[in-house]
**Q** 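Following this message is one structure expressed as structure tokens.
Everything quoted here is computed from the prediction, not taken from an experiment. Order of the sequence lines fixes the chain letters, A, B, ..., with proteins taken first and strands second; residue numbering starts at 1 for each chain.
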Amino acid sequence: MGNPPIVDGRAPVHTFYSSKTWIEGAAVHQLEQVAAMPGIRTVAGMPDLHPGKYGPVGCAILADRIHPAFVGSDAGCGMALFALDVPVRKLRIDKAAERLRDIERPFDGDIRGEIEAAGLEPSAFDSALGTIGGGNHFCELLAVEDVVDTSFGIDRSRAHVLAHSGSRGLGHALLESQITEGLHPIDPDSEPGRAYLHAHDHAVRWATANRLLIAARAAQALRCDADFVCQCSHNCVEHRADGVLHRKGAAPSDQGLVVVPGSRGALSYLVEPLSDAPLEALASIAHGAGRKYDRASMAGRVGATKSDRERLMRNPFGGRVICEDRALLVEEAPEAYKPIAGVIADLEAFGLARVVASFRPLVTVKRVADERGRREERR
DNA sequence: ATGTGC
């Protein structure tokens, strides 16, 4: 079971974090505000809970209607993990980092073919397919740190690739269209409800195709092949028999293995969600470490000098960080995130998941400046 | 988060 629910006439709020886990009061307040809204049935807060723009991040919300705000502006955002057919010992980190820079450039392959192969309708945002995007998105080359459960076939020697990205302009346009209409809850069985779910499902499938293409580009850049391990979305909504289930920064516990990434300076974990987890967790688990500090405060925390930036371009394992956007380099510093070990410990303590394997980052690719260096000029 | 903006 989770902690005793917060109950006072509102929908029950079940939380799955210990008293030792850093949770901002503002995030708990947002959770309680959600629970007080009409038509909300149950709310589940995960150990990576933190405040968000349209509501708390790191939670699952069961409601009678669709709340586009709970899905947020990046429907379909999620993680995909692949095993590369190259052993880590054969990789030179600096060479790999140089090669991986290329994947942040626009994809110059057959985008229309990729869209068709994924069974997607063309959209106005397809030119971004296969690219990482901004914010907390990344593509990471990893080494296996430890395999706790050998039954899933994780090979200790192989390098892995983890893609964290979403639906780019597609999901953004979807939320913008809802804001125009007043951002109110929608009956899933109404015509607008069906239209939202249709556009949402399209964004989720686009985001999935995006992650697969990012990983394929990474493998191609490293001259190797990639074998699929797992993938899921942590920003999405699902019309189920028991209601409308929203996951905002929450990974599904009913769709196989899940990667719960730490910051770019910490381990990431492959976990097996447990089928006998408490129902109050709403078929969900944490989606990552969760932010500890807001973006704006990070320059003051990690410094903004040249040597500060140089430190941020390495990780504590001797790996590399490719991020040519100075502000982003600082905003997404490892210090901005909670320690992942606590999040994993909570998932295990509350019976939500167990660890299969852990990974350490070798190269994290984020923004790369384009030819004209425009992203740097803005700063 | 954002085909990220005058």
**Q** When we call it a touch if two heavy atoms are under 4.0 Å apart, what does A/A173 touch: a base, just sugar-phosphate, or nothing?
**A**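 Answer is nothing: A/A173 stays at 4.0 Å or more from every strand.
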**Q** With sequence neighbours left out, write down each residue that passes side-chain hydrogen bond (donor to acceptor under 3.5 Å, both in side chains) with A/H137, or none if nothing qualifies.
**A**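 Scan of A/H137 (side-chain hydrogen bond (donor to acceptor under 3.5 Å, both in side chains), adjacent residues dropped) gives A/D74.
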**Q** How many whole angstroms separate atom CG of A/N210 from atom P of B/dG3?
**A**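 For the pair A/N210 CG and B/dG3 P, the rounded distance is 11 Å.
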**Q** Let me know the distance between CD1 of A/I115 and P of B/dG3, rounded to the nearest Å.
**A**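 The distance from CD1 of A/I115 to P of B/dG3 comes to 14 Å, rounded to the nearest Å.
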**Q** Between B/dG3 atom P and A/F107 atom CZ, what is the distance in whole Å?
**A**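 So the two atoms are 18 Å apart, to the nearest Å.
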**Q** For A/W206 and B/dT2, what is the distance between atoms CH2 and P respectively, to the nearest whole Å?
**A** 9 Å
**Q** When you look at A/R168 and A/T131, which way does the side chain to side chain donor-acceptor pair (under 3.5 Å) test go after all the steps?
**A** CA-CA 9 Å; A/R168 310 298 304 278; A/T131 59; 2.4 Å; yes
**Q** In whole Å, what is the span from the NZ atom of A/K366 to the C1' atom of B/dT2?
**A** 14 Å
**Q** Between A/D94 and A/R101, does the salt bridge (Lys or Arg N to Asp or Glu O under 4.0 Å) criterion hold? Intermediate values first, please.
**A** CA-CA 11 Å; A/D94 288 340; A/R101 287 181 84 258; over 6 Å; no
**Q** Send over the distance from A/E331 CD to B/dT2 P, rounded to a whole Å.
**A**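 Whole-Å distance recorded here is 13 Å.
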**Q** Whole Å only: how far is the CZ atom of A/F125 from the C1' atom of B/dT2?
**A**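 Answer to the nearest Å: 9 Å.
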**Q** Roughly, in whole Å, what's the span from CZ in A/R105 to C1' in B/dG3?
**A** 17 Å
**Q** Base, sugar-phosphate, or nothing: which does A/G166 touch, judged by heavy atoms less than 4.0 Å apart?
**A** nothing
**Q** For the residue pair A/H246 and A/H67, categorise the inter-ring angle as parallel (less than 30°), tilted (30 to 60°) or perpendicular (more than 60°).
**A**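 It falls in the perpendicular class, over 60°.
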